[in-house]
Amino acid sequence: QVQVAESGGGSVQAGGSLKLSCTISGLDFGDRSVGWFRQTPGKEREGIACVHWDGEKIYYEKTVRGRFTASRDAANSTLYLHMNSLKPEDTGMYYCAVKRTSAHDVCYLRFLKTDFGYWGQGRQVPVST
């Protein structure tokens, strides 16, 4: 079976940094886009970073662009998210996910949670002032 598991994170103060990792097993995601999503109470889960199938083209949602860095290590079945200059509004549950198919649709044009079929349980990231 496919397993997606996030790790890392924790509580940090505004301006600090955190790193999240995501291990994926039971699925070869080397030819699929993988992404990080964030959800806060009262809001929909939204994509914040997408590492495309080639592992090099990366898309960031505008609120995290320039502060967060996503990467992947397909050989080790791992996805990463480095979060810098964290803000209180970054507080939320962070999820790792894998696209449903290997169709090469770029996240620049379409980055929707419905296109991702394999999800981790999420990691809470509280950012205090």
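Because the structure is predicted, anything quoted here is derived from the model rather than measured. In this chain, residues are counted from 1 in sequence order. Side-chain atoms are counted along with the backbone in the values below, which use heavy atoms only and exclude waters and symmetry mates.
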Taking the side chain as everything from C-beta on, heavy atoms only, tell me whether [X] gets closer than 4.5 Å to [Y].
| X | Y | result |
| --- | --- | --- |
| Lys113 | Glu46 | no |
| Val98 | Ile24 | yes |
| Asp90 | Arg38 | yes |
| Thr40 | Thr91 | no |
| Ser77 | Thr23 | no |

Hey, what do you get for [atom1] ([X]) to [atom2] ([Y]), rounding to the nearest 0.5 Å?
| X | Y | atom1 | atom2 | result |
| --- | --- | --- | --- | --- |
| Arg67 | Arg65 | CZ | CZ | 12.0 Å |
| Trp36 | Ile58 | CH2 | CD1 | 13.0 Å |
| Leu112 | Glu44 | CG | CD | 10.0 Å |

Is Val127 reachable from Leu18 through a run of hydrophobic residues whose side-chain heavy atoms are each under 4.5 Å from the next?
yes
Using the rule that two of Ile, Leu, Val, Met, Phe, Trp, Tyr join whenever any of their side-chain heavy atoms come within less than 4.5 Å, decide whether Val12 and Met83 are in one cluster.
yes
The single option from Phe68, Tyr95, Tyr94 that satisfies side-chain contact (heavy atoms from CB on, under 4.5 Å) with Leu20 is Tyr94
When you measure from the side chain of Glu6 to the backbone N and O of Cys22, does any donor-acceptor pair fall under 3.5 Å?
no
Can you check whether Lys43's main-chain N or O pairs, donor with acceptor, with Gln39's side chain at less than 3.5 Å?
yes
Between Asp54 and His104: side-chain donor-acceptor atoms closer than 3.5 Å:
no
Hydrogens and angles aside, do Ser17 and Asn84 bring a side-chain donor and acceptor to less than 3.5 Å of each other?
yes
Closest non-hydrogen atom pair between [X] and [Y], with its separation:
| X | Y | result |
| --- | --- | --- |
| Arg100 | Arg32 | O-NH1, 2.5 Å |
| Phe29 | Asp73 | CZ-O, 4.3 Å |
| Gly26 | Val2 | O-CG2, 3.5 Å |
| His52 | Ser33 | CA-OG, 3.5 Å |

Please check if the number of heavy atoms outside Glu89 that lie under 6.0 Å from its CD is greater than 12.
yes
Does Phe37 have its ring centroid less than 6.0 Å away from the ring centroid of Trp119?
yes
Ring centers of Phe116, Phe111 separated by less than 6.0 Å:
yes
Is the positively charged end of Arg72 above the ring of Tyr80, judged by distance under 6.0 angstrom from the centroid and angle within 45° of the axis?
no
Pairing residues for Tyr118 by the ring-ring contact (aromatic ring centres under 6.0 Å, His included) criterion, not counting sequence neighbours
none
Determine, for Lys99 against Asp105, whether the closest basic-nitrogen to carboxylate-oxygen distance falls under 4.0 angstrom.
no
Looking at Asp115 and Arg110, is there a salt bridge between them, counting it only when a charged N and a carboxylate O are closer than 4.0 Å?
yes
